[in-house]
Amino acid sequence: MNDKTKEGLEKSSNFIKEIVELDLENGKHGGKVHTRFPPEPNGYLHIGHAKAICIDFGIAKDYQGQCNLRFDDTNPIQEDIEYVESIQEDIKWLGFDWEDRMYYASDYFEKLYAYAVELIKMGKAYVDDLTPEEIREYRGEIKVPGKNSPYRDRSVEENLDLFERMRAGEFEDGSKTLRSKIDMSSGNMNMRDPIIYRIKRAHHHRTGDKWCIYPMYDFTHCLSDMLEGITHSLCTLEFEDHRPLYDWYLDNLKTPCHPQQIEFARLNVTYTLTSKRKLQKLVNDGIVAGWDDPRMPTISGLRRRGFTSGSIKDFCDRVGVAKAASVVDIALLNFCLREELNKTANRVMVVLDPLKVVIDNYPEDKVEWFDAENNPEDENGGTRKVPFTKEFYIEREDFREEANRKYFRMKLGHEVRIKHAYYVKAESVVKDDAGNIMEVHCTYDPASRGGWTDDGRKVKGTLHWVSAAHAVPAEVRLYDNLFTEENPGKSDKEISEILNPNSVEVIEALAEPSLKELKPETSVQFLRKGYFITDRYDHSAEKLVFNRTVGLRDSFAKKVK
RNA sequence: UGGGCUGUAGUAUAAUGGUAGUACAGCGGGUUCUGGUUCCGUAUGUGGGGGUUCGACUCCUCCCAGCCCAACCA
């Protein structure tokens, strides 16, 4: 990022900052800023959460405040310890720190119960015996008011007794609920006597079997925020309709502080899904290998694909914060990554589709080791040695028997540079019976040693290559979008219909020998082929496995027709 | 009986009554031992109609379009 851009981003404000700054000016919330990131541990974090994390932690940091991590674990059947661990790992990897403030909504179960009792005592909550089906019927429809439950007017004493017995486990799952007494005719469906507690005998990953009743999100969230002294409770747009309820609980319970809920648009990215539920389905259906499959938009998937935390944060900054529903082009994410990797990733030579080249006038057994620059963008990047021999491989697409002037790779009778080595001229080809080119025979100019001459000769094309005698087998995996629809989350079609059948392509390639030294999870740029990350070493096949992180921007592809 | 929200280049986001700016994507070109990088240049925008005003993306009004809400999910 250049300084001008950076300055622009730092200066850019958004509506959340404006609210916070106004509150600070007015001394609201005691002049403090305290936010929270509140995931439900029911799946892995994805790129959409990255935006929320950047906003939640970012706002706190910008105003010298704090941000808590809180697991919103009120629905035990969805949740699992695996997810609470991965969530922590991913937030840390992104570079954010909740310090000693990691909480669970389940920490507050006892307090929440007491608040519910409080509501009952005020006559603002009642135990309802309606079945789930009946509750739905009584709720009415969007344009039709609901009607009161026949149990709505039970006495405080009866409600207190019933609620206590709900907790004690005297009633069947689903047979009773505790509901807020608000307004069954409200235009806002959330205000039509929303449920506070349901009976659900499920093992909770933290509280075990202690509870058989669990509080609902709306009741839990505002009170958890309040208990933690949160000042600004940032969430996504779909909770706008919940804000009146958020405020209702806090107002009626006369809590010592009242956090402000502020909503922003959730992140959508072209060709990707940002819905935990749908990602869960991809995992369950075996469409991907797991939550960290390199094609997944999860933080762990992106990490394995080779995305850096810096590029993800940069992306979130550039996407901005607003209330208009939007779909951001995946090209921006890729740009952020390339911008970083261009500066940091060493260049290496790997041939993905080999074509043999023989230098007829080069000695049979000679090996020359040339110094190759690791990264032209990094002065301190150093060099490595690459071996040059009579026979080597180039990219099959880098040779044509005949081509126009616009094609400046290898063609018969023309000189090209073999990067770091020599100028060579293609003289003839060897074909098989079917007419396929098997070998290209060339001559080299000894005076061009090192890939340069002093006579001012112009050589436009420079090719990457790998010595035939030293080539190291490598498996490279090229990834593409998982979906063919630009906005798969909004598509009317079934997931199976919009899956990209070519989302991963596995290629056996040949690499320069220095790659044998590469450690796992190192990002490199394969010259002209994009950025790759070492995934692992396959010992049984004695080869390296690479994931392609992102391709190079290749505006030339159209021109080289 | 419906309620809530949102509309600024292709995309995303600034401009709070005073020159519509930035980034990505696009297009054209220079440099380059990567057709990468980099540098220079360039086209494209305030959903629509009225109104207020010297002046409107901004204020008023009507219309249009899109998104969210009817789990004992979050």
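Chain identifiers are assigned alphabetically (A, B, ...) following the order of the sequence lines, protein sequences preceding nucleic acid strands; residue numbering begins at 1 within each chain. On a predicted model such as this, the values are computed, not experimentally measured, just so you know. Computation of the quantities below employed the complete heavy-atom set of this structure, encompassing side-chain atoms and omitting hydrogens, waters and symmetry-equivalent molecules.
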How is Val459(A) classified with respect to the nucleic acid when contacts are heavy atoms under 4.0 Å: base, sugar-phosphate, or nothing? nothing

For the side chain to side chain donor-acceptor pair (under 3.5 Å) test, which of His204(A), His203(A), Arg201(A) pairs with Asp209(A)? His203(A)

Does a side-chain N or O from Arg192(A) land closer than 4.0 Å to OP1 or OP2 of G3(B), or not? no

What's the closest nucleotide to the side chain of Glu18(A) if the choices are A25(B), A74(B), A15(B)? A15(B)

Mind running side chain to side chain donor-acceptor pair (under 3.5 Å) on Arg266(A) and Thr274(A) for me, showing each step along the way? CA-CA 9 Å; Arg266(A) 63 180 301 145; Thr274(A) 41; 4.7 Å; no

Need one value for Thr177(A): base, sugar-phosphate or nothing, where a base atom within 4.0 Å counts as base even if backbone is also close, heavy atoms only. base

Using a 4.0 Å cut-off on heavy atoms, which residues in residues 196-206 of chain A reach RNA chain B? List them by number, or say none. Arg198(A), Lys200(A)

Intra- and inter-strand pairing of RNA chain B, written as dot-bracket with Watson-Crick and G-U pairs under 3.5 Å and | for the latter, reads .((((((..((((....[..)))).(((((.......)))))....(((((..]....))))))))))).....

Base, sugar-phosphate, or nothing: which does Glu40(A) touch, judged by heavy atoms less than 4.0 Å apart? sugar-phosphate

Kindly assign one of parallel, tilted or perpendicular to the pair Tyr103(A) and Tyr108(A), based on the angle between their ring planes and the thresholds 30° and 60°. tilted

Inter-nucleotide P distance (C60(B), C5(B)), Å rounded: 14 Å

Closest of U13(B), A74(B), C24(B) to the Phe335(A) side chain is C24(B)

Nearest listed nucleotide, side chain of Asp329(A), among A14(B), U11(B), G26(B): U11(B)

Mind telling me whether His242(A) and Phe239(A) have parallel, tilted or perpendicular rings, with 30° and 60° as the class edges? perpendicular

Would you indicate what Thr131(A) reaches in the nucleic acid, counting non-hydrogen atoms under 4.0 angstrom: base, sugar-phosphate, or nothing? base

Please determine if Glu79(A) and Arg206(A) form a salt bridge, counting it only when a charged side-chain N lies under 4.0 Å from a carboxylate O. no

For G47(B) and U13(B), measure between their P atoms and round to the nearest Å. 14 Å

Below 4.0 angstrom from OP1 or OP2 of A74(B), is there any side-chain N or O of Thr74(A)? yes

Remember a base hit wins even if backbone is also touched, and classify Phe408(A) as base, sugar-phosphate or nothing at under 4.0 Å, heavy atoms. base

Does Ala265(A) offer a backbone N or O that forms a donor-acceptor pair with the side chain of Lys51(A) under 3.5 Å? yes

Gap in Å between the two P atoms, one belonging to U61(B) and one to U22(B), rounded: 34 Å

Under 3.5 Å, N/O pairs linking protein and nucleotides 64-71 of chain B:
unit_1 : atom_1 : unit_2    : atom_2 : d
A70(B) : O2'    : Arg139(A) : NE     : 3.4

So what does Lys323(A) hit on the nucleic acid, given a heavy-atom distance under 4.0 Å: a base, only sugar-phosphate, or nothing? sugar-phosphate

Can you see whether Tyr138(A) has Lys147(A) sitting over its ring - NZ or CZ less than 6.0 Å from the centre and within 45° of the normal? yes

With a non-hydrogen cut-off below 4.0 angstrom, is Leu130(A) in contact with a base, only sugar-phosphate, or nothing? base

The answer to which of Met184(A) and Glu79(A) contacts RNA chain B further toward the 5' end, by nearest nucleotide, is Met184(A)

Would you mind telling me which of C5(B), U13(B), A25(B) lies closest to the side-chain atoms of Glu240(A)? C5(B)

Checking the side chain of Asn68(A) only, and the main-chain atoms of Arg70(A) only, is there a donor and an acceptor separated by less than 3.5 Å? no

Might you point out which heavy atoms bring His205(A) and Ile81(A) nearest each other, and give the distance in Å? CB-N, 4.3 Å

Please measure how far the C1' atom in G41(B) lies from the corresponding atom in A15(B), and state the result in whole Å. 25 Å

Does the pair Asn375(A) and Glu377(A) meet the rule for a side chain to side chain donor-acceptor pair (under 3.5 Å), with working shown? CA-CA 5 Å; Asn375(A) 185 352; Glu377(A) 302 300 315; over 6 Å; no

Would you call A65(B) syn or anti, using the 90° rule around 0? anti

Please report the distance separating the C1' of U16(B) from the corresponding atom of U31(B), rounded so that it comes out in whole Å. 44 Å

How are the rings of Tyr113(A) and Trp211(A) set to each other: parallel, tilted or perpendicular (split at 30° and 60°)? tilted

For Pro376(A), answer base if it contacts any base atom (sugar-phosphate contacts may also be present), sugar-phosphate if it contacts only those atoms, and nothing otherwise; contact means non-hydrogen atoms under 4.0 Å. base

Among the nucleotides C73(B), C24(B), G36(B), whichever has the atom closest to the side chain of Asn75(A) is C73(B)

Think Arg198(A) forms a cation-pi with Tyr214(A), using NZ or CZ under 6.0 Å from the six-ring centre and within 45 degrees of its axis? no

If the cut-off is 4.0 Å, is Thr270(A) near the phosphate of G10(B), judged by side-chain N/O to OP1 or OP2? no

Nearest-Å distance once atom C1' is located in both G18(B) and U53(B): 12 Å

Mind checking whether His221(A) and Tyr246(A) have parallel, tilted or perpendicular rings, split at 30° and 60°? tilted

Taking atom P in both G30(B) and G48(B), what distance in whole Å separates the two? 40 Å

Pairwise P distance, A43(B) and G28(B) [rounded to whole Å]: 15 Å

How is His420(A) classified with respect to the nucleic acid when contacts are heavy atoms under 4.0 Å: base, sugar-phosphate, or nothing? base

Can you confirm whether Trp452(A) is buried at CH2, in the sense that more than 12 heavy atoms of other residues, nucleotides or ligands lie under 6.0 Å from that atom? no

Whole-Å distance separating the NZ atom of Lys281(A) from the C1' atom of C73(B): 18 Å

Considering only side-chain heavy atoms of Ala324(A), which listed nucleotide, G7(B), G2(B), A12(B), is closest? G7(B)

Would you mind classifying the nucleic acid contact of Ile135(A) as base, sugar-phosphate or nothing, using non-hydrogen atoms under 4.0 angstrom? base

Could you check whether Glu373(A) gets within reach of a base, just the sugar-phosphate, or nothing at all, counting any heavy atom under 4.0 Å? nothing

